[in-house]
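Taking it in order: structure first as C-alpha cells, then the write-up.
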Amino acid sequence: MTTPTVRVRYAPSPTGQPHIGTVRTALFNWLFARHHGGKFIVRVEDTDQERLVPGSQENILASLQWLGIQWDEGPEVDGPYAPYIQSERQKLGVYHRAAEQLLRGGHAYRCYCTREQLEEVRALQREQKVQTRPKDPCSALSDAQRRDREAEGGPSVVRFAMPAAGTTSVQDLIRGEVTWQNEVQDDFIIIKSDGFPTYHLANVVDDYLMEISHVLRAEEWLPSTPRHIQLYRALGYPPPLFGHMPMILGPDRAKLSKRHGATSTLEYRDNGYLPEALRNFMVLLGWSLDDKTEVMSLDTMVQNFSLERVSKPAAIFDQEKLLWMNGVYLRQLSPQELAGRLLPFLERDLDQGLLPVDLDYLGRIVPLIQERIKLLSDAADLTRYFFQGELEYDPANLVQKGMDAAGTLAALQRALAALHAAPGFEHATLEESLRAVGAELGLAPRQFFGVLRVALTGRTATPPLFETMAVLGRQRVLDRMQAAIGRLSPA
RNA sequence: GGCGCAUUCGUCUAGCGGCCCAGGACGCCGCCCUCUCAAGGCGGAAAUCAGGGGUUCGAAUCCCCUAUGCGCUACCA
C-alpha cells in the first residue's frame, strides 16, 4: 500500500516557551512530511484563554524558523484551510457545529455540575475503590429535568458520552496495537463553560477539516487517544493514523523542566548553539539512521527519516553530547561564515569600546579560535586580548617554571630586540627567529614561549603563539613586549 | 488507587531467532602529536541485554509473570 498524501501538523499551545520536547516533535513531523513529499502544518491551539502567555506564539514560531523548520501552512503563511489559529476558527463556529451534531445524535450531553459536586463524586469513588469511570450525574438526567436546568440559565459544559462497554484500540505507528476498556473512560468535556472547545474536540475537528493524515505527537497523548478515536467515530469522520513519539526527560528521568537548566529552544540560541547542531542532536533523541551515523546533513535526515526507526523509550537530554556536537558543527563552518555568526555574540559580550568593527581583523582572528570554541558565546572571552588596549594580568605569570624574574626579563628584552629586527611578521619567520633566540638563551621552548604568551595575551592558554603574533601585528606585539618589560623591571 | 507505555554500557543508541561471551557515539581514563590550550590519531575501562519463568536445536530478539521508571487520571494542552 502506498502512503496517501501526507499532511501532518504541529499543534502547539501558546502557553509558554518553545520547549525542547515539543520542538523535537515538530522536527519529526517536519521530517516525516518532507520525506514523503507531504505538507507540514502549524496550528496554534489557544483554546485555553486563561493560560495564554503573550508573546509565546511568536517565540514558538521564531524557534521553528531558527531551526529551519518551515511550515507549508499555518500562521503568517496561511493556506487553503485558514485560519490556523483555533481562537479564530472558533468564530467560524466549526467546533460548535460539531458539538451540536454530537448532542443531536445522543453522543454528547450537557452537564450542569459544579466543580465541587464533581470533586465529591470522585472522592467517593476513590474511597470505595470503584474501578470504573466516574459516572457523571448529569448523564442520567431526564428530558424534563434538562429543560428545568436550561431554564435556570446556569453555566453548563458539554460532555462526550463515551460508550459504556467494549474496547477501543489504536494501531499505533510506533507502539503497535494498544487497547483500552471503554468502561474506565470518563465522559470528558468537549465544550467548556466559557464556550471554548477543549483540546480533544478542537483537535479532532481541525485534524479532520485540515485533512491531517498522520497524528504524530508525544507519548503523553497516548492515554487520550481512545477519546479521540471515539470522537472520530461519533462524528462520522475517518480517523487519521496515530504515532506516539518518545518523550524527552531530564537527567533525573523526570519530565524535562526548568530545574534541568535551559528548556526553551531560544535559550539554546542565545547561549551560542548553532541551529544545525541542535537540530542534529535532537533528531538523535528517539531516532537513528543506522548503527553508526550521528553527524549528518539535513538532506540525509530527510531522505532517511522513517517512523520505523523511531525508538520507544523516553530519552534523556544529554547536554554534554549537545556541546560536543556544537563543536563539530562550529569546526565545519568556513571561517567567513563563522565570523558572521560570531559577530552578534561579540557585540553582545565584549566590553564597550572593544567592538570588532574591523571585520578584516576579525576574519584573521577567527581561524585561531575555531577549533577552540564549543559555543558561539565562548568567543568574547577567547578573543578579548586581541581587542584590548592594555592587558590585565599578574606579572608573576610571566615567570615560567624553572625561571626567575631576572631571567624572564632578559628573555623579554632579547625577544624584543629580535622582533625589532624581524624583517617580516609572518608566523614562519617569527618562529624561526624566536626559536633561535630561545635556544641561545638556553631556555626550553615551553619556557621561552610561555613568557611571550603571557606578555602578549595575558593568558597561559591561547592559540599557537606565532599565528597569534602575526594576527596581532607588529605594533601591538612591540607595545605589549615593552609593557611586560616595564611590569617586570624593578621600580 | 486505576489505566497505559517503557525497560541493551552513566547517557544517546545499533540489534527485529543463529553474524552478539552485544556494535557505534558522548563522557571518562591512558598514550601519541605539541610552545600552552584545543582539535586530531590510537588504545582502554564501561551493559550477567531489569529479574524470573516459558517457547525453540538455538533468545537481547517471541510469550507470560514480577519489579522498577515514566505518562495520563483537570471546564491544561
Side-chain angles (χ1 to χ4, degrees), chain A residues 11-16 22 45-48 50-51 111 113-115 118-119 122 125-127 129-134 155-159 172 174-175 178-181 184-186 188-194 196 198-200 202-203 217-226 244 246-247 249 251 253-255 281 284-295 308-309 311-325 327 331 368-374 382 400 431 434-435 438 444-454 457 459-466:
Chain A
S13 77
T15 53
T22 84
E45 309 220 325
D46 59 345
T47 54
D48 185 352
E50 279 178 33
R51 295 202 315 156
C111 169
C113 297
T114 62
R115 289 169 210 251
L118 289 172
E119 196 37 57
R122 289 185 190 125
Q125 287 228 335
R126 261 197 299 274
E127 204 174 298
K129 295 208 162 66
V130 176
Q131 311 271 305
T132 54
R133 61 167 154 176
S156 68
V157 300
V158 178
R159 287 181 183 276
D172 191 275
I174 293 167
R175 278 146 224 283
V178 184
T179 302
W180 294 267
Q181 294 292 326
V184 302
Q185 305 285 335
D186 62 350
F188 58 98
I189 292 174
I190 55 177
I191 299 283
K192 299 183 265 191
S193 57
D194 66 0
F196 272 89
T198 56
Y199 166 85
H200 306 293
N203 194 262
R217 64 216 326 186
E219 194 196 337
E220 58 197 295
W221 291 107
L222 189 56
S224 51
T225 304
H244 290 88
M247 308 225 312
L249 272 25
R253 301 206 153 272
K255 213 168 164 177
F281 176 73
L284 260 17
L285 250 30
W287 176 80
S288 61
L289 199 174
D290 54 28
D291 58 340
K292 55 177 90 64
T293 312
E294 301 217 302
V295 177
E308 279 167 28
R309 295 196 64 86
S311 51
K312 293 193 264 255
I316 292 174
F317 193 85
D318 182 5
Q319 300 268 359
E320 286 291 337
K321 189 159 183 174
L322 204 211
L323 199 57
W324 162 78
M325 190 163 281
R331 274 170 249 127
L368 298 184
I369 61 162
Q370 183 154 22
E371 62 190 31
R372 292 173 175 77
I373 58 174
K374 281 186 147 57
L382 253 34
Q400 302 298 297
E431 175 160 10
L434 287 173
R435 274 192 190 279
R446 62 185 305 133
Q447 293 177 306
F448 186 47
F449 299 151
V451 173
L452 299 185
R453 168 168 287 108
V454 174
T457 67
R459 307 288 179 90
T460 53
T462 72
L465 225 209
F466 309 109

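Every chain is numbered from 1 and lettered A, B, ... according to where its sequence line falls, protein lines coming before strand lines. As the structure is a computational prediction, the values presented were derived from the model and not from experiment.
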4.5 Å side-chain heavy-atom contact, [X] and [Y]:
{"X": "A:R253", "Y": "A:I316", "value": "yes"}
{"X": "A:V454", "Y": "A:Q400", "value": "yes"}
{"X": "A:F448", "Y": "A:R435", "value": "no"}

Under 3.5 Å, which protein N or O atoms sit close to an N or O of nucleotides 63-66 of chain B? Give each pair with its distance.
none

Counting any heavy atom closer than 4.0 Å, what does A:G327 reach on the DNA or RNA strands: base, sugar-phosphate only, or nothing?
-> nothing

Checking all strands, does A:R217 fall into the base, sugar-phosphate, or nothing category for heavy-atom contacts under 4.0 angstrom?
-> nothing

[N] and [M]: how far apart are their [atom1] atoms, nearest whole angstrom?
{"N": "B:C64", "M": "B:C5", "atom1": "P", "answer": "11 Å"}
{"N": "B:U55", "M": "B:C63", "atom1": "P", "answer": "15 Å"}
{"N": "B:C9", "M": "B:G24", "atom1": "C1'", "answer": "12 Å"}
{"N": "B:G23", "M": "B:A14", "atom1": "C1'", "answer": "6 Å"}
{"N": "B:U73", "M": "B:C49", "atom1": "C1'", "answer": "33 Å"}
{"N": "B:C62", "M": "B:G71", "atom1": "C1'", "answer": "27 Å"}
{"N": "B:A25", "M": "B:A60", "atom1": "P", "answer": "24 Å"}
{"N": "B:A45", "M": "B:C57", "atom1": "P", "answer": "37 Å"}

Taking all heavy atoms of [X] and all of [Y], pick out the closest pair and write down the distance.
{"X": "A:S288", "Y": "A:R309", "result": "O-NE, 2.8 Å"}
{"X": "A:R453", "Y": "A:R459", "result": "CG-O, 3.2 Å"}
{"X": "A:R372", "Y": "A:T462", "result": "NE-O, 4.2 Å"}
{"X": "A:L222", "Y": "A:W180", "result": "O-CZ2, 3.4 Å"}
{"X": "A:P246", "Y": "A:G286", "result": "CG-CA, 4.1 Å"}

Okay, side chain of A:D172, backbone of A:H244: is any donor-acceptor separation there less than 3.5 Å?
-> yes

Mind checking who [N] pairs with, Watson-Crick or G-U wobble, both distances under 3.5 Å?
{"N": "B:U55", "value": "none"}
{"N": "B:G40", "value": "B:C32"}
{"N": "B:C20", "value": "none"}
{"N": "B:C72", "value": "B:G2"}
{"N": "B:U7", "value": "B:A67"}

May I ask you to decide if the ring planes of A:W221 and A:Y199 are parallel, tilted or perpendicular, using 30° and 60° as cut-offs?
-> parallel

Would you say B:G40 has OP1 or OP2 under 4.0 Å from some side-chain N or O of A:R331?
-> yes

When every nucleotide of nucleotides 71-77 of chain B is labelled 5' to 3' by its protein contacts under 4.0 Å (heavy atoms), B for base, S for sugar-phosphate only, - for none, what sequence of letters results?
-> BS-SBBB

Would you mind building the protein contact string for nucleotides 23-36 of chain B? One character per nucleotide, 5' to 3', B for base within reach (heavy atoms under 4.0 Å), S for sugar-phosphate only, - for untouched.
-> BBBBS-------BB

Dump the intermediate steps for side chain to side chain contact (heavy atoms under 4.5 Å, CB included) on A:R217 and A:T225, then the final yes or no.
-> CA-CA 11 Å; A:R217 64 216 326 186; A:T225 304; 3.3 Å; yes

Within this structure, what is the NZ-to-P distance between A:K312 and B:U13, rounded to whole angstrom?
-> 13 Å

Given RNA chain B, 5'-ward residue of the pair A:I174 and A:I316, judged by closest heavy atom = A:I174

Is it true that A:E50 and A:K192 have a side-chain N and a carboxylate O under 4.0 angstrom from each other?
-> no

Measure the spacing between OG1 of A:T47 and CG of A:N203 and express it to the nearest 0.5 Å.
-> 9.5 Å

